[in-house]
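Worksheet for the structure shown next.
The chains referred to below are lettered A, B, ... by the order of the sequence lines, with proteins before strands, and numbering in each begins at 1.
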There are 2 protein chains.
Amino acid sequence: MKTETKKPHLSIQAFQRMPYYLQYLKKIFAEGAVNISSRLVAQHFGFTEIQVRKDFAAVSSAAGIPKHGFDVKQLIIDIEELLGYRNTNEAVLVGAGAFGSTFFKCDSIKEYGLSIVAGFDINNDIVGKQIHGKPVFHSSKISELCKRMQTHIGIIAVPSDQAQEACDKLVEGGVLAIWNFSQVHLSVPEGVLVQNENMAVSLALLSKHLQDKLKKDEVIPK
Amino acid sequence: MKTETKKPHLSIQAFQRMPYYLQYLKKIFAEGAVNISSRLVAQHFGFTEIQVRKDFAAVSSAAGIPKHGFDVKQLIIDIEELLGYRNTNEAVLVGAGAFGSTFFKCDSIKEYGLSIVAGFDINNDIVGKQIHGKPVFHSSKISELCKRMQTHIGIIAVPSDQAQEACDKLVEGGVLAIWNFSQVHLSVPEGVLVQNENMAVSLALLSKHLQDKLKKDEVIPK
DNA sequence: TAGATTGTTAATCGATTAACAATC
DNA sequence: TAGATTGTTAATCGATTAACAATC
């Protein structure tokens with residue numbers, strides 16, 4: 001009786017590559033691919049093949065086969081399992097304004113195993129109404145309702161100066177994972193994860209690259 | 001005559017912390033702070049003070065002063081300079097549908113030095129119209145117009161299966177930095193930067209944390 | 001001067017890559 | 001068998017942290 005062997009450690013970086021692998025594997029599977037070699041995957045993404053093999057080894061329940069490569073279907077199943085697309089988590093949204101409410105109608109979120117069950121806001125124009133079929137409550141009810149609904153994921157889409165307060169209420173309500181679209185650092189107790197989605201960070205990287213690039217081309221004008 | 005000393009290398013990770021520092025420094029500056037010690041900053045963010053000192057040293061034009069700390073105002077200026085908030089870059093948007101068009105009305109983008117000058121789409125209902133005052137052209141015009149307008153930044157907000165094509169056209173038009181909101185890997189020639197904004201990645205991290213957390217609490221039920 | 005706070009050099013840690021052995 | 005492709009062990013590389021000297 002062989003028990004499941006311990007999987008190698010999966011780094012956060014490797015974990016973050018998984019959705020990309022998944023998307024690619026699904027595409028080639030739809031095109032009829034049954035096996036795939038690490039070399040081909042590596043070429044597609046511009047990674048090294050060793051890295052791809054290590055990543056697959058860390059997540060796959062079946063080893064790759066020399067001369068054949070990896071089983072595409074099995075990899076898809078394993079990665080989906082790892083990423084939690086096969087369970088559905090319920091989440092609440094704090095900040096149901098122009099930006100926040102786009103989450104209500106965002107279908108792709110559902111595909112990734114997230115379901116938004118309610119929204120919160122302080123604007124009386126929308127409190128008590130429904131947006132895309134989801135109820136919007138006053139923000140003062142956050143912790144009470146999160147407790148009652150046993151929600152463990154919160155999305156913060158409020159202005160930066162209200163973000164920490166929203167965060168505190170979510171944590172009080174038992175939320176364990178927070179998706180933070182505000183631009184401030186959130187302080188949370190240990191055990192709570194904050195996933196930052198910070199446009200300013202991305203834009204800074206873009207603009208930095210661009211400036212370096214344009215400056216360089218200026219200095220060395222061919 | 002002392003020439004400017006070479007700044008220490010700034011890692012990408014450090015660079016990505018800068019927008020957070022900036023936001024915090026601006027806040028305490030508005031509250032009247034003139035100097036700030038690395039220890040206080042570190043406490044706020046949960047970093048080590050050494051890391052904060054290294055980060056500040058890499059970006060600051062003035063050294064910190066023992067017993068006084070760093071000059072808040074100077075740091076703000078230096079970080080804004082580094083992040084490129086003091087120049088404005090023009091960008092085009094490919095995919096002006098429900099999601100994409102939110103960029104047109106997004107004010108905070110402007111604050112970070114980005115200005116969207118035009119949109120592209122293949123939907124004839126919006127091609128030729130203006131959305132929030134910005135013209136929307138047909139996607140077949142991407143490279144031509146980017147060349148003419150000398151635009152170097154492109155935002156991709158099209159469905160995944162059209163993303164690579166959009167990317168190719170942008171690159172052909174001379175775009176050097178691409179903000180990719182689709183969920184696929186984009187292949188670009190060397191020298192072009194792709195900044196991925198992948199919801200699937202973030203969601204996967206959230207859901208992973210949650211599942212680990214809930215599982216653990218089950219096993220050790222107190 | 002003493003103490004707080006900075007800056008620097010060395011150590012640690014983790015992720016990626018290289019070299020090579022294993023196997024279908 | 002030979003060759004392609006995998007898996008494993010060791011080396012490299014870069015970021016963070018620790019220890020400590022410098023300085024206001």
- request: Nearest whole angstrom, please: distance from the P of C:dA18 to the CZ of A:F47.
  value: 15 Å

- prompt: Do the side-chain N or O atoms of B:S37 get closer than 4.0 angstrom to the phosphate oxygens (OP1, OP2) of C:dT5?
  reply: no

statement: Assert: residue with more 5' nearest nucleotide on DNA chain C, out of B:F70 and A:H68, is B:F70

- prompt: Whom does C:dC24 pair with, Watson-Crick or G-U wobble, provided both distances fall under 3.5 Å?
  reply: D:dG3

message: Can you classify the ring geometry of A:Y24 versus A:H44 as parallel (below 30°), tilted (30 to 60°) or perpendicular (above 60°)?
response: parallel

query: Does a side chain donor of either A:Q74 or A:S60 reach within less than 3.5 Å of an acceptor in the other side chain?
result: no

statement: Rounded to whole Å, CG of A:N35 lies from P of D:dT6 at a distance of 10 Å

query: Phosphate oxygens OP1/OP2 of D:dG14: is one of them under 4.0 Å from a side-chain N or O of B:S11?
result: no

- request: Rounded off to whole Å, could you give me the CZ-to-C1' distance for the A:R39 and C:dT17 pair?
  value: 16 Å

message: Ring-plane angle category for B:F103 and B:F99, please: parallel below 30°, perpendicular beyond 60°, tilted otherwise.
response: perpendicular

task: Say whether B:E197 and A:S202, considering side chains only, have a donor N or O and an acceptor N or O under 3.5 Å apart.
output: yes

statement: Between CG of B:L10 and C1' of D:dA15 the distance, given in whole Å, is 12 Å

- request: Over 60° means perpendicular and under 30° means parallel, so classify the ring planes of B:Y85 and B:Y112, tilted if in between.
  value: tilted

Under 4.0 angstrom between A:R17 side-chain N/O and C:dA15 OP1 or OP2: no

- request: Decide yes or no, distance alone: a donor-acceptor N/O pair under 3.5 angstrom between the base of D:dT1 and the side-chain of A:K67.
  value: no

- prompt: Within this structure, what is the CD-to-C1' distance between B:Q16 and D:dT16, rounded to whole angstrom?
  reply: 15 Å

task: Would you mind reading off the distance between A:D55 atom CG and C:dT16 atom P, rounded to a whole angstrom?
output: 7 Å

field: Length of the CZ-P vector between B:F56 and C:dT5, whole Å
entry: 15 Å

task: Please determine, for D:dA19, whether a Watson-Crick or G-U wobble partner exists with both distances under 3.5 Å, and give it or none.
output: C:dT8

- prompt: Would you say the side chain of B:K54 and the base of C:dT8 hold a donor-acceptor pair, judged only by whether the two atoms sit under 3.5 Å apart?
  reply: no

message: Under a 3.5 Å cut-off for both contacts, is D:dC13 paired Watson-Crick or G-U wobble with anything, and if yes, with which nucleotide?
response: C:dG14

- prompt: Looking for any heavy atom pair under 4.0 Å, which part of the strands does B:A63 touch: base, sugar-phosphate only, or nothing?
  reply: sugar-phosphate

field: Nearest-Å distance for atom pair CD1/P, residues A:I65 and D:dT6
entry: 10 Å

- prompt: Below 4.0 angstrom from OP1 or OP2 of C:dT6, is there any side-chain N or O of B:R53?
  reply: yes

query: Going by atom types alone, do B:Q51 and B:D55 pair a side-chain donor with an acceptor below 3.5 Å?
result: no

- request: Looking at every strand, decide which applies to B:I50 at a 4.0 Å heavy-atom threshold: base, sugar-phosphate, or nothing.
  value: base

query: According to a strict under-4.0 Å criterion, is A:S38 in side-chain N/O contact with OP1 or OP2 of D:dT5?
result: no

